[in-house]
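Right, one structure below, let's go through it.
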Amino acid sequence: MPRLVCLDVSFNEITALPAAGELRAMSSLRSLRMQNCMLSSLAAEGQFQLAPLVNLQVLDLSFNLLSDPSELLFLTQLQRLTELGITGNEWCEHADYEASCSAIRRKIATLKKIDSRDVLKTFVGYGRAEGEERTTAADALSNDRSSCSCVEGNVCLSPDNCSDWSRRFSIAHKARLEKYWKCNKNFCDL
């Protein structure tokens, strides 16, 4: 199933996730909905089972039997998540739940929604952020800008991976000109 992009298995009796090795074949998966499936854990033998799903953007684990709030931190391995549904699980009642959610918000730069609520991340400067959450230099620099296409001459379509969103058009234009002149110079030298 290498081309599978969306999978919704909600309302099925799936008590355990498949082994991580079995999920490698579904690495192109972008949306996984497992609401009301009776899941009791995200890990097996200490290994996060969803780790191979590196392209996952939407994950809904709402209303399962997940009870260990430490497993919430496994979700930070899914660095492309934009939407996360985790409400209605037993871990919501645990004292560490809010702290774990806060860590998820800080560590996943692309996250836009948790449980259908917007995640606000406004960088105000090193050491402080909106809502009194501390932001370290590592958090501020954790956004993956390596896929910025402006430097290759193509304007980025999303601010999430753009190195300079406000100047994207001029950067892309300059890159195209540099590539054009480099190509023409090499052509003229022949």
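Computed from heavy atoms alone, side chains included, the values below leave out hydrogens, waters and symmetry copies.
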Nearest heavy atoms of Ser28 and Leu4, plus distance in Å: OG-O, 3.0 Å
In terms of heavy-atom contacts, Thr87 and Asp115 come closest through N-OD1, 3.0 Å
Which residues pass the ring pair (Phe, Tyr, Trp, His ring centres under 6.0 Å) test with Phe63, sequence neighbours left out? none
Evaluate side-chain contact (heavy atoms from CB on, under 4.5 Å) for Arg106 paired with Ser102, printing each intermediate quantity in order. CA-CA 6 Å; Arg106 277 193 321 272; Ser102 181; 3.2 Å; yes
Over all heavy atoms of both residues, which pair between Ile114 and Arg105 is shortest? Give the atoms and the distance, please. CD1-CG, 3.7 Å
Rounded to the nearest 0.5 Å, how far does CG of Leu61 lie from CG of Leu32? 7.0 Å
Could you walk me through whether Phe74 and Leu50 pass side-chain contact (heavy atoms from CB on, under 4.5 Å), step by step? CA-CA 9 Å; Phe74 282 136; Leu50 299 176; over 6 Å; no
What is the minimum heavy-atom distance between Pro52 and Ala20, and which atoms define it? CG-O, 3.2 Å
Between CG on residue Leu7 and CE on residue Met26, distance to nearest 0.5 Å: 5.5 Å
Working note: Tyr97 + Ile86, criterion side-chain contact (heavy atoms from CB on, under 4.5 Å); need CA distance, chi angles, decisive distance, verdict. CA-CA 11 Å; Tyr97 176 72; Ile86 52 177; 3.7 Å; yes
In Å, rounded to the nearest 0.5 Å, how long is the span from CG of Leu59 to CD of Glu83? 10.5 Å
The single option from Asn55, Leu56, Leu53, Val58 passing side-chain contact (heavy atoms from CB on, under 4.5 Å) against Arg80: Asn55
Sequence neighbours excluded, the answer for side chain to side chain contact (heavy atoms under 4.5 Å, CB included) partners of Gln57 is Arg30, Thr82
Around atom CD of Gln47, are there more than 12 heavy atoms from other residues, nucleotides or ligands closer than 6.0 Å? no
Through direct or indirect side-chain contacts below 4.5 angstrom among Ile, Leu, Val, Met, Phe, Trp and Tyr, which residues connect to Met38? Leu65
Among residues at least two apart in sequence or on other chains, which ones pass salt bridge (charged side-chain N to carboxylate O under 4.0 Å, His left out) with Lys174? none
Salt bridge (charged side-chain N to carboxylate O under 4.0 Å, His left out) partners for Arg167, two or more places apart: Asp164
Using 0.5 Å steps for rounding, measure from the CG atom of Asp60 to the CG atom of Leu84. 8.0 Å
Report the distance from atom CG of Leu81 to atom CG of Leu111, rounding to the nearest 0.5 Å. 6.5 Å
Identify the two heavy atoms, one from Ser10 and one from Asp8, that lie closest to each other, and give their separation to 0.1 Å. OG-OD1, 2.8 Å
Under a 4.5 Å side-chain heavy-atom rule over Ile, Leu, Val, Met, Phe, Trp and Tyr, are Ile14 and Phe11 clustered together? no
Could you tell me which non-hydrogen atom of Met34 sits nearest to which non-hydrogen atom of Val9, and how far apart they are? CG-CG2, 3.6 Å
What do the steps show when you test Glu13 against Cys37 for side-chain contact (heavy atoms from CB on, under 4.5 Å), and what is the final call? CA-CA 5 Å; Glu13 289 186 35; Cys37 285; over 6 Å; no
Sequence-distant partners of Glu152, side chain to side chain contact (heavy atoms under 4.5 Å, CB included), two or more places apart: Lys179
Spatial distance of atom CG (Asp96) from atom CH2 (Trp91) [nearest 0.5 Å]: 13.0 Å
